[in-house]
Amino acid sequence: MQSEALQIDALAYRKALGHFTSGVTVITTAMNGSVHGMTANAFCSVSLNPALVLISIDKKTAMHELLAQSGFYGVSVLAQNQEAYSRHFAGQPQTNLPVLFTWRQNCPLLEGALAQLVCRVTDAHPAGDHTLYIGQVEYLSYSDEHAPLLFYSGKYKALEGQATGPTFIYDPSWW
């Protein structure tokens, strides 16, 4: 017995899933000496051993083809004070915004991000109008110095009463 595919209204689907609060990331890669980046909140951990993460990239974006070619990506988890970067890499250029990158393992990462990961693409899974890029984490660093930038119901949000702490950095090159 075949089941009939349920037709879901795209706008209703988007609004319903918008009620899931997420962090905000900027995904980066480099090709032919140029840095490319895009804002994404479709990011999650997949495995601890090996350390794997997943990003979901729309097939219509330039980043989709770039990741297939470069074979690596950076993830910069944005702090609450980095909303302008989220907007900038979402296609809303911010005037007078200095975009500074830290390079780790030939991958650009946004300076000042709460967490930074460099990932090697290990697998790509077509999924509807997106591709799920699985990446093995080859570098990471993180800081508790600032609160995270959150996204909920189509708007940027902040944690209330968020305490900040010291910076912790794990760099495998130190070991």
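Keep in mind that what you see is a predicted model, and the values were worked out from it rather than measured.
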To the nearest 0.5 Å, what is the distance between [atom1] ([X]) and [atom2] ([Y])?
X	Y	atom1	atom2	answer
Asp9	Gln7	CG	CD	10.5 Å
Cys107	Glu138	SG	CD	10.0 Å
Glu111	Leu100	CD	CG	5.0 Å
Leu78	Leu114	CG	CG	8.0 Å

Original post:
Just checking, any donor-acceptor pair under 3.5 angstrom between side chains of Gln116 and Ser141?
Top reply: yes
Applying side chain to side chain contact (heavy atoms under 4.5 Å, CB included), name anything that partners [X], two or more places apart in sequence or on another chain.
X	answer
Asn106	none
Ala68	Tyr133
Ile8	Leu6, Tyr13

Subject >> Residues that Gln136 engages under side chain to side chain donor-acceptor pair (under 3.5 Å), provided they are two or more places apart >> reply: Arg120
Single-linkage hydrophobic cluster [X]~[Y], side-chain heavy atoms < 4.5 angstrom:
X	Y	value
Leu149	Leu97	yes
Tyr73	Leu140	yes
Met38	Val35	no

Original post:
Does the side chain of Thr131 reach to within under 4.5 Å of the side chain of His64, using non-hydrogen atoms?
Top reply: yes
Original post:
Do Ile134 and Val121 come close enough that some side-chain heavy atom pair is under 4.5 Å?
Top reply: no
What donor-acceptor contacts under 3.5 angstrom involve side-chain atoms of residues 85-93, with partners at least two apart or in another chain?
residue : atom : partner : partner atom : Å
Tyr85   : OH   : Pro98   : O            : 2.8
Ser86   : OG   : Tyr156  : OH           : 2.6
Arg87   : NE   : Glu83   : OE2          : 3.0
Arg87   : NH2  : Glu83   : OE2          : 2.7
His88   : ND1  : Gln94   : N            : 3.4

Taking distance alone, no hydrogens or angles, what donor-acceptor pairs closer than 3.5 Å link side-chain atoms of residues 19-33 to residues at least two apart or in another chain?
residue : atom : partner : partner atom : Å
His19   : ND1  : Lys15   : O            : 2.8
Ser22   : OG   : Asn41   : ND2          : 3.1
Thr25   : OG1  : Ala40   : O            : 2.6
Thr28   : OG1  : Pro108  : O            : 2.4
Thr29   : OG1  : Ser70   : OG           : 2.8
Thr29   : OG1  : Phe72   : O            : 2.9

Under 3.5 Å donor-acceptor pairs involving side-chain atoms of residues 48-60, not counting sequence neighbours:
residue : atom : partner : partner atom : Å
Asp58   : OD1  : Lys60   : N            : 2.8
Lys59   : NZ   : Gly128  : O            : 3.0

Original post:
How close do Gly74 and Leu109 get, heavy atom to heavy atom, and via which atoms?
Top reply: CA-CD2, 3.7 Å
Subject >> Any donor-acceptor pair under 3.5 Å from Gln69 side chain to Leu66 backbone >> reply: no
Subject >> Chi angles and distances behind the side chain to side chain contact (heavy atoms under 4.5 Å, CB included) call for His146, Gln80 >> reply: CA-CA 7 Å; His146 298 285; Gln80 184 177 337; 5.9 Å; no
**OP:** Please write out which residues are connected to Leu11 in a hydrophobic cluster, directly or through intermediates, given that two of Ile, Leu, Val, Met, Phe, Trp, Tyr count as joined at side-chain heavy-atom separations below 4.5 angstrom.
**Re:** none
